[in-house]
Undergrad: 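One structure coming up, written as structure tokens, with questions to follow.
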Amino acid sequence: MSRRRAGRRLTYAAVACGVALVAAGGGALAFRTGHPSPPPASARAVLQFRSALNVFYLPRYSAPAGAPFAPEYHVVLRAPRRTVRKADISFDLSAFKGKADIYGVHKGYGCVRSGFQVNCALGDIKGGEGADFLPFHVKPRPDTAPGPAGTVTMTVRSADAPTIRHTTQVIVGSPYLTSRQGFSKLTGVRPGGPVSITPAFGNKGDTGVTGGITLMLNTTEATLPLRYRNCRYDKAVGATRAQCDLPGPLPAGTAFETAGPVTAVADRTAKSGILGYSVWRTVDLDHLSRLPASAPRGTGEPLRLRPVDGGAFTGIVARRSESAGASVEFDSTRKYDVEAVGFTIKGRVGQVVDTQVPYPRGYGWGAAGGYDNLWVTLPEGVSLVEVAPESHSGDFLYCRPGPRKDGPVACPGPEAGGTLIRVRIDRRVEGARGSVTAPSDRSADPDQSNNTAPVTVRYLP
């Protein structure tokens with residue numbers, strides 16, 4: 001996505017924001033634009049903020065621990081249409097004077113520092129691309145009084161796009177978001193049956209969160225019913241993510257849990273899955289996690305909170321003011337039902353191609369209950385190209401000939417990089433079809449009907 005991309009911190013699910021990042025429940029990004037007699041929108045060069053902090057909590061220096069981790073001032077810009085020429089970005093960091101030291105400016109983005117001013121020469125940003133980086137870092141200084149400390153002003157200019165600005169409020173002191181941990185794995189969950197968790201979170205910092213709190217829910221191998229009317233869901237049917245905006249505040253030293261468990265529905269084909277949650281300050285909810293305002297809403301009662309003792313809750317020290325979360329894993333009654341996953345070989349006649357061989361779903365792949373070969377019968381008109389193990393490097397494996405010359409191919413696994421099959425598409429055979437079989441122990445997996453899946457060919461022009 002971005003040029004000379006900086007390291008990205010962990011995020012929870014991936015969605016795009018709109019033209020400007022607007023924090024649900026308040027704290028919108030504010031910027032001004034100006035352009036005399038603007039050209040048609042389709043021809044205009046434009047830069048947009050995809051993400052920028054609205055509130056920067058500067059944690060207080062404490063002896064003997066010293067300076068704690070300060071938040072990352074992460075900036076994401078995007079040029080949605082045309083290339084933007086000679087873009088540069090400046091930061092007025094006067095609010096940190098006497099309260100924090102500035103260090104680690106990002107030279108890869110042309111950033112230089114002069115006192116409490118940082119300027120970054122971004123250069124040209126191609127249409128459809130952007131800049132995603134940490135322009136600087138801050139380290140708290142001792143003996144700083146808590147409370148509001150001013151604002152950081154960010155200004156983005158270029159040769160042909162309107163100037164945009166963003167202001168971040170700086171507060172000395174920090175929330176420390178925490179959550180309940182140690183949820184026991186759920187076993188014996190019926191496919192189509194309930195999976196529940198009671199989200200709980202708190203604030204062990206020295207500063208309260210005065211805006212709203214957002215609870216993000218996420219699932220794998222399960223779906224979320226559209227139950228709560230203060231939650232938005234990623235899909236009207238089969239939702240796997242939800243954004244529940246709660247009014248707050250979250251004062252320092254307090255903790256809450258949902259008034260009842262949040263329940264998901266295990267997929268009919270679920271083997272194992274996860275139901276998780278994370279808590280964020282609404283004003284700075286991660287832009288990749290945010291759901292659009294137009295997302296479907298729940299139709300029932302709102303999700304409510306009740307106070308609890310959060311003394312045992314823990315958080316992420318490196319992201320203390322940003323987020324916290326936890327999850328519960330579950331195993332269904334189909335956990336040991338091994339299910340082969342089919343695949344398609346794509347290429348032109350006469351071409352040699354590598355294709356990923358997917359590993360099966362379910363536990364216990366292998367005739368003796370352990371891992372083993374997958375057996376691939378190649379479609380007519382396709383032949384195996386043997387790859388010597390010493391001819392390649394990397395954490396992946398290649399299929400090899402089976403014990404019978406005209407029999408199925410042996411595809412070992414698993415390996416971190418996966419298993420590949422190298423074949424030659426010798427001739428076109430319409431409707432050619434092979435198979436992949438995952439052996440399993442019949443005593444643990446009595447249903448063998450899904451242990452074989454199709455292998456097909458897509459001929460490219």
Undergrad: Within the structure provided, determine whether M216 and L285 are in side-chain contact (heavy-atom separation under 4.5 Å).
TA: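 Yes, side chains in contact.
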Undergrad: Under a plain distance cut-off of 3.5 Å, with no hydrogens placed, do T344 and T456 share a side-chain donor-acceptor pair?
TA: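 Yes, side-chain donor-acceptor contact under 3.5 Å.
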Undergrad: For the residue pair D92 / S94, report whether a side-chain donor-acceptor contact shorter than 3.5 Å exists.
TA: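 Yes, a side-chain donor-acceptor pair sits under 3.5 Å.
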Undergrad: Are the aromatic rings of F96 and F56 close, with centres under 6.0 Å apart?
TA: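 Yes, ring centres under 6.0 Å apart.
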Undergrad: Kindly indicate whether the side chain of S323, heavy atoms from C-beta on, has any atom under 4.5 Å from the side chain of D286.
TA: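 S323 does not reach D286 side chain to side chain.
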Undergrad: When you compare the side chain of P140 with that of R60, does any pair of heavy atoms fall below 4.5 Å?
TA: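 When only atoms from C-beta onward are counted, P140 and R60 do not touch, as no gap falls below 4.5 Å.
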Undergrad: Do D160 and S158 come within less than 4.5 Å of each other through their side chains, counting heavy atoms only?
TA: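 Sidechains of S158 and D160: in contact.
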Undergrad: Please determine, by modelled atom types, if N203 and T254 share a side-chain donor-acceptor pair under 3.5 angstrom.
TA: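 Short answer, no.
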Undergrad: If I take atom CZ from residue R141 and atom CG from residue D101, how far apart are they, to the nearest 0.5 angstrom?
TA: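 With rounding to 0.5 Å, CZ (R141) is 5.0 Å from CG (D101).
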Undergrad: State whether R319 and E322 are salt-bridged, where the test is any N-O pair (Lys NZ or Arg NE/NH1/NH2 against Asp/Glu carboxylate O) under 4.0 Å.
TA: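 A salt bridge links R319 with E322.
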Undergrad: Would you tell me whether T219 and T240 have side-chain atoms, one donor and one acceptor, within less than 3.5 Å of each other?
TA: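 No - no donor-acceptor pair under 3.5 Å links their side chains.
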Undergrad: When F49 is tested against each of H74, H166, H287 for ring-ring contact (aromatic ring centres under 6.0 Å, His included), which residue passes?
TA: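 Of all the options given, the one that passes is H166.
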Undergrad: Do D88 and N119 have side-chain atoms, one donor and one acceptor, less than 3.5 Å apart?
TA: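 Side-chain D/A pair, D88 to N119: absent.
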Undergrad: Is any side-chain heavy atom of R78 closer than 4.5 Å to a side-chain heavy atom of E129?
TA: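 No, every pair of side-chain atoms sits at 4.5 Å or beyond.
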Undergrad: Measuring from atom CE of M154 to atom CG of L53, what distance do you get when rounded to the nearest 0.5 angstrom?
TA: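 Rounded to the nearest 0.5 Å, the CE-CG separation comes to 8.5 Å.
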Undergrad: Restricting to non-hydrogen atoms, name the atom on V138 and the atom on A100 that form the minimum distance, rounded to 0.1 Å.
TA: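 It is CB-CB, 4.3 Å.
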Undergrad: Side chains of F201 and I213: closer than 4.5 Å at any heavy-atom pair?
TA: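 F201 reaches I213 side chain to side chain.
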Undergrad: Tell me, please, which residues at least two apart from Y233 pass ring-ring contact (aromatic ring centres under 6.0 Å, His included).
TA: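 Here no residue qualifies.
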Undergrad: With heavy-atom distances below 4.5 Å as the criterion, would you say the side chains of F133 and L122 are in contact?
TA: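 Result yes, sub-4.5 Å side-chain heavy-atom pair found.
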Undergrad: Hey, are R422 and D354 close enough for a salt bridge, meaning a charged N less than 4.0 Å from a carboxylate O?
TA: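 Yes, R422 and D354 are salt-bridged.
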Undergrad: Taking G364's backbone N and O only, do any of them form a donor-acceptor pair with S440's side chain (distance below 3.5 Å, no angle check)?
TA: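 No: the side chain of S440 does not pair with the backbone of G364.
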Undergrad: With rounding to the nearest 0.5 angstrom, report the OG1 to CG distance, T258 to L246.
TA: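 Here the interatomic distance stands at 9.5 Å.
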Undergrad: Under the rule for ring-ring contact (aromatic ring centres under 6.0 Å, His included), what residues qualify as partners of F136, not counting sequence neighbours?
TA: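 Listed in chain order: Y73, F91.
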Undergrad: Less than 4.0 Å between a side-chain N and a carboxylate O, is that true for E221 and R334?
TA: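 No.
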Undergrad: Report yes if some heavy atom in the side chain of L186 is under 4.5 Å from a heavy atom in the side chain of L275; otherwise report no.
TA: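 Answer no - side chains too far apart.
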Undergrad: Side chains of S327 and E329: is there a donor and an acceptor less than 3.5 Å apart?
TA: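 The criterion, which ignores hydrogens and geometry beyond distance, is not satisfied for E329 and S327.
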Undergrad: Is the NZ or CZ atom of K204 both under 6.0 Å from the centre of the six-membered ring of Y176 and within 45° of that ring's axis?
TA: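 Here K204 fails the 6.0 Å and 45° test against Y176.
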Undergrad: For Y398, which residues count as a ring-ring contact (aromatic ring centres under 6.0 Å, His included) partner, sequence neighbours excluded?
TA: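 With sequence neighbours excluded, Y398 shows a ring-ring contact (aromatic ring centres under 6.0 Å, His included) to H392, F396, given in chain and number order.
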Undergrad: Whether the side chain of T419 engages the backbone of P412 through a donor-acceptor N/O pair (distance < 3.5 Å, no angle test) should be reported.
TA: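 Checked: pair present.
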